[in-house]
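What follows is one structure encoded as structure tokens, with my remarks underneath.
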Amino acid sequence: MIVDVIIPALDEEDALPLVLRAIPADLVRHVIVADNGSRDRTAEVAAAEGARVVHEAERGYGAACLRALALLKDDPPDVVVFLDGDNSDDPSELGSLLAPLRDGADLVIGS
């Protein structure tokens with residue numbers, strides 16, 4: 001199963017490295033950070049941690065997610081995982097999130 005992660009981010013310079021480092025690299029093909037007009041070093045931090053960075057000038061979570069999804073159009077994954085850049089999601093639980101998909105589920109929502 002090919003899995004890509006999208007992280008919309010706005011001024012997440014401090015928390016973003018924690019999120020990116022916790023993503024299980026063996027489960028994920030690409031990590032894309034959609035910088036949504038940050039005034040700090042969010043984009044630079046994301047790139048330094050190995051994420052692909054896209055910029056979306058239109059403010060809003062949805063606009064940032066759509067910009068990142070556009071990158072995947074030519075080589076789509078089987079699964080797209082959306083994570084928040086503020087470390088409110090636990091990326092180390094990605095394996096548990098993906099398990100129902102491997103068993104045939106169409107959608108999984110973590111909380």
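Note that these values count all heavy atoms, side chains included, but never hydrogens, waters or copies made by symmetry. Index from 1, following the sequence. A quick note: this is a predicted structure, and the numbers were derived from the prediction, not measured.
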Can you find a pair of side-chain heavy atoms, one from I7 and one from I23, that are under 4.5 Å apart? yes
Are L83 and L97 linked, directly or through intermediate hydrophobic residues, by side-chain heavy-atom contacts shorter than 4.5 Å (ILVMFWY only)? yes
Under 3.5 Å, side chain of S92 to main-chain N/O of A22, donor-acceptor pair present? no
Do R29 and D75 pass the salt bridge (Lys or Arg N to Asp or Glu O under 4.0 Å) test, and can you show the C-alpha distance, the side-chain angles, and the key distance before you say yes or no? CA-CA 11 Å; R29 175 180 67 168; D75 188 17; 2.9 Å; yes
Hydrophobic cluster identity match, V79 and F82, side-chain contacts under 4.5 Å: no
More than 12 non-hydrogen atoms from neighbouring residues, nucleotides or ligands closer than 6.0 Å to CD on E58, yes or no? no
Find the distance between CD (E56) and CG (L10) and round it off to the nearest 0.5 Å. 12.0 Å
With rounding to the nearest 0.5 angstrom, report the CG to CG distance, L16 to N87. 9.5 Å
Is I2 reachable from V28 through a run of I, L, V, M, F, W or Y residues, each pair having side-chain heavy atoms under 4.5 Å apart? no
D35 (side chain) donor-acceptor with A43 (main chain) under 3.5 angstrom: no
Please find the pair of heavy atoms, one from H55 and one from R67, that lie closest to each other, and give the distance. O-NE, 3.6 Å
Hydrophobic cluster membership, L27 vs V19, 4.5 Å side-chain cutoff: yes
From V31, L101, V5, residue fulfilling side-chain contact (heavy atoms from CB on, under 4.5 Å) relative to V81: V5
D4 side chain vs V80 backbone, donor-acceptor pair below 3.5 Å: no
same_hphob_cluster(L71, V53) at 4.5 Å side-chain heavy-atom cutoff: no
Could you check whether any side-chain heavy atom of L20 comes within less than 4.5 Å of a side-chain heavy atom of V33, counting everything from C-beta outward? yes
So do L72 and I6 actually touch side chain to side chain, heavy atoms under 4.5 Å? yes
Does N36 reach the main-chain N or O of G60 with its side chain, forming a donor-acceptor pair under 3.5 Å? yes
Can you give me the closest heavy-atom contact between A64 and P8, atom names plus distance? CB-CB, 3.7 Å
Inter-residue atom distance D84.CG - D90.CG, 0.5 Å rounding: 12.5 Å
